[in-house]
**Q** 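Structure incoming, see below.
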Amino acid sequence: MTRREREITDTNEINRILDTCKYLHLGLVDDGKPYVVPMNYGIDHDDADGHLIVYLHGANTGRKLDIIKKNSDCCFTMECNIIPFEGKMACQYGVAYECVMGTGQIHLIDDPAEKDRALQAIMKTQTGHDHFQFDERMVSIVSVMRIDVDELSAKHRPLPAAMTES
């Protein structure tokens with residue numbers, strides 16, 4: 001990370017960002033070419049070692065699934081609290097933000113129990129509520145993906161001090 005003063009290392013702050021964001025940009029590689037798609041997500045942690053898991057869902061067919069079947073490497077980025085700001089000259093314009101970026105392996109989930117767990121996590125992340133009901137038919141008509149995150153970083157850029165003073 002080039003701008004170390006913007007790095008976030010506090011786990012609680014990173015988890016707050018993960019809970020605040022509502023979508024991510026999933027990056028895949030399709031025959032050597034990048035492919036990025038915005039998606040809703042849910043977060044969880046592996047019971048065995050605690051690593052971050054990001055769950056995604058989508059249609060049962062399409063380019064994204066075709067790519068994942070060929071290459072499980074992925075990356076993602078998510079951002080929140082986006083506030084564009086102006087300056088007196090061009091190089092003083094910018095955007096305040098908080099973001100998380102990660103890499104990992106993405107896999108399609110077939111097990112109905114894990115699909116239900118994933119859909120529960122997605123709904124919890126998206127709505128703040130849990131205990132949704134998913135019947136067998138609902139679970140069968142969506143694809144569910146699991147990113148096992150192996151690298152994660154976070155950063156923020158606050159508003160310039162002059163803009164926060166009242």
**Q** Might you point out which heavy atoms bring Ala59 and Ser143 nearest each other, and give the distance in Å?
**A** O-OG, 2.6 Å

**Q** Kindly indicate, with the supporting measurements, whether the criterion side chain to side chain contact (heavy atoms under 4.5 Å, CB included) is fulfilled by Val149 and Ile53.
**A** CA-CA 6 Å; Val149 178; Ile53 296 170; over 6 Å; no

**Q** Among Thr127, Leu119, Thr125, which one satisfies side chain to side chain contact (heavy atoms under 4.5 Å, CB included) with Met123?
**A** Thr127

**Q** Any heavy-atom pair between the side chains of Leu56 and Phe76 that's under 4.5 Å?
**A**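 Side-chain contact under 4.5 Å: no.
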
**Q** Roughly how far, to the nearest 0.5 Å, is the CD1 atom of Ile83 from the CG atom of Asn81?
**A**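 The CG atom of Asn81 sits 6.5 Å away from the CD1 atom of Ile83.
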
**Q** What I want to find out is whether Arg146 reaches Asp46 closely enough, with some N-O distance under 4.0 Å, to be called a salt bridge.
**A**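 Salt bridge: yes.
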
**Q** I need the minimum non-hydrogen distance between Ala154 and Val100, along with the two atoms involved.
**A** CB-CG2, 4.1 Å

**Q** Is there a chain of hydrophobic side chains (I, L, V, M, F, W, Y, each step under 4.5 Å between heavy atoms) that links Tyr97 to Phe85?
**A** no

**Q** Decide side chain to side chain contact (heavy atoms under 4.5 Å, CB included) for Leu18 and Met78; before the verdict, give the C-alpha distance in whole Å, the side-chain angles of both, and the deciding distance to 0.1 Å.
**A** CA-CA 8 Å; Leu18 290 168; Met78 54 186 82; 3.6 Å; yes

**Q** What pairs with Glu98 under salt bridge (charged side-chain N to carboxylate O under 4.0 Å, His left out), at least two apart in sequence or on another chain?
**A**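 Partners of Glu98 by the salt bridge (charged side-chain N to carboxylate O under 4.0 Å, His left out) criterion, ordered by chain and then number, come out as Arg16.
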
**Q** Is there a side-chain contact between Leu28 and Val36 in this structure, where contact means two heavy atoms from C-beta onward sitting under 4.5 Å apart?
**A**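 Side chain of Leu28 against side chain of Val36, heavy atoms only: no contact under 4.5 Å found.
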
**Q** Do side-chain atoms of Gln126 reach the backbone of Asn40 as a donor and acceptor pair under 3.5 angstrom?
**A** no

**Q** Do Tyr41 and Val144 sit in the same hydrophobic cluster, where Ile, Leu, Val, Met, Phe, Trp and Tyr count as joined when their side-chain heavy atoms come under 4.5 Å apart?
**A** no

**Q** State the NE2-CD1 distance between His156 and Ile8, to the nearest 0.5 angstrom.
**A** 5.0 Å

**Q** When you compare the side chains of Tyr23 and Glu79, does any donor N or O come within less than 3.5 Å of an acceptor on the partner?
**A**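 Yes - a donor-acceptor pair under 3.5 Å links their side chains.
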
**Q** Answer yes or no: is there a donor N or O on one side and an acceptor on the other, between the side chain of Lys155 and the main chain of Arg6, under 3.5 Å?
**A**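 No: the side chain of Lys155 does not pair with the backbone of Arg6.
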
**Q** Testing the basics here: between Gly50 and His45, what is the closest heavy-atom pair and its distance to 0.1 Å?
**A** O-CD2, 3.2 Å

**Q** Can you find a pair of side-chain heavy atoms, one from Ile43 and one from Leu52, that are under 4.5 Å apart?
**A**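 SC-SC contact between Ile43 and Leu52 confirmed.
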
**Q** Given the rule in the side chain to side chain contact (heavy atoms under 4.5 Å, CB included) test, do Leu26 and Ile106 qualify, once you have shown the distances and angles that lead to the verdict?
**A** CA-CA 10 Å; Leu26 174 65; Ile106 188 168; 4.0 Å; yes

**Q** The test is side chain to side chain contact (heavy atoms under 4.5 Å, CB included); show your working for Cys99 and Ile17 and say whether it passes.
**A** CA-CA 7 Å; Cys99 69; Ile17 295 169; 6.0 Å; no

**Q** Return the NZ to CG distance between Lys33 and Asp31, rounded to the nearest 0.5 Å.
**A**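 Taking NZ in Lys33 and CG in Asp31, the distance rounds to 9.5 Å.
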
**Q** Would you say the side chain of Met101 lies within less than 4.5 Å of the side chain of Leu152, judging by non-hydrogen atoms?
**A**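 When only atoms from C-beta onward are counted, Met101 and Leu152 do not touch, as no gap falls below 4.5 Å.
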
**Q** Would Ile122 and Val37 show up in the same hydrophobic cluster when neighbours are defined by side-chain heavy atoms closer than 4.5 Å?
**A** no

**Q** Given side-chain hydrogen bond (donor to acceptor under 3.5 Å, both in side chains), test Gln105 with Asp148 step by step and report yes or no.
**A** CA-CA 5 Å; Gln105 300 293 309; Asp148 288 296; over 6 Å; no

**Q** Would Asp150 and His51 count as having a side-chain donor-acceptor pair, cut-off 3.5 Å?
**A** no

**Q** Are Met39 and Ile141 connected in the hydrophobic side-chain network, where two residues link if heavy atoms are under 4.5 Å apart?
**A**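 Unlinked, Met39 and Ile141 end up in two clusters.
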
**Q** With sequence neighbours excluded, give me every side chain to side chain donor-acceptor pair (under 3.5 Å) pair touching residues 57-67.
**A**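 Sorted pair list: Asp30-Arg63.
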
**Q** Is there a side-chain contact between Leu108 and Lys69, using heavy atoms and a 4.5 Å cut-off?
**A** yes

**Q** Count I, L, V, M, F, W, Y as connected when their side-chain heavy atoms are under 4.5 Å apart, and connections chain through other members. Are Tyr55 and Phe132 then in the same cluster?
**A**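 Yes, same cluster.
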
**Q** Restricting to non-hydrogen atoms, name the atom on Gln120 and the atom on Asp130 that form the minimum distance, rounded to 0.1 Å.
**A** OE1-C, 4.4 Å

**Q** Write down the atom of Cys74, the atom of Ile147, and the distance for their closest heavy-atom approach.
**A** SG-CG2, 3.8 Å

**Q** Let me have the donor-acceptor pairs involving side chains of residues 88-95, under 3.5 Å, with sequence neighbours excluded, atom names and distances please.
**A**
unit_1: Gln92; atom_1: OE1; unit_2: Lys88; atom_2: N; d: 2.9
unit_1: Gln92; atom_1: OE1; unit_2: Met89; atom_2: N; d: 3.4

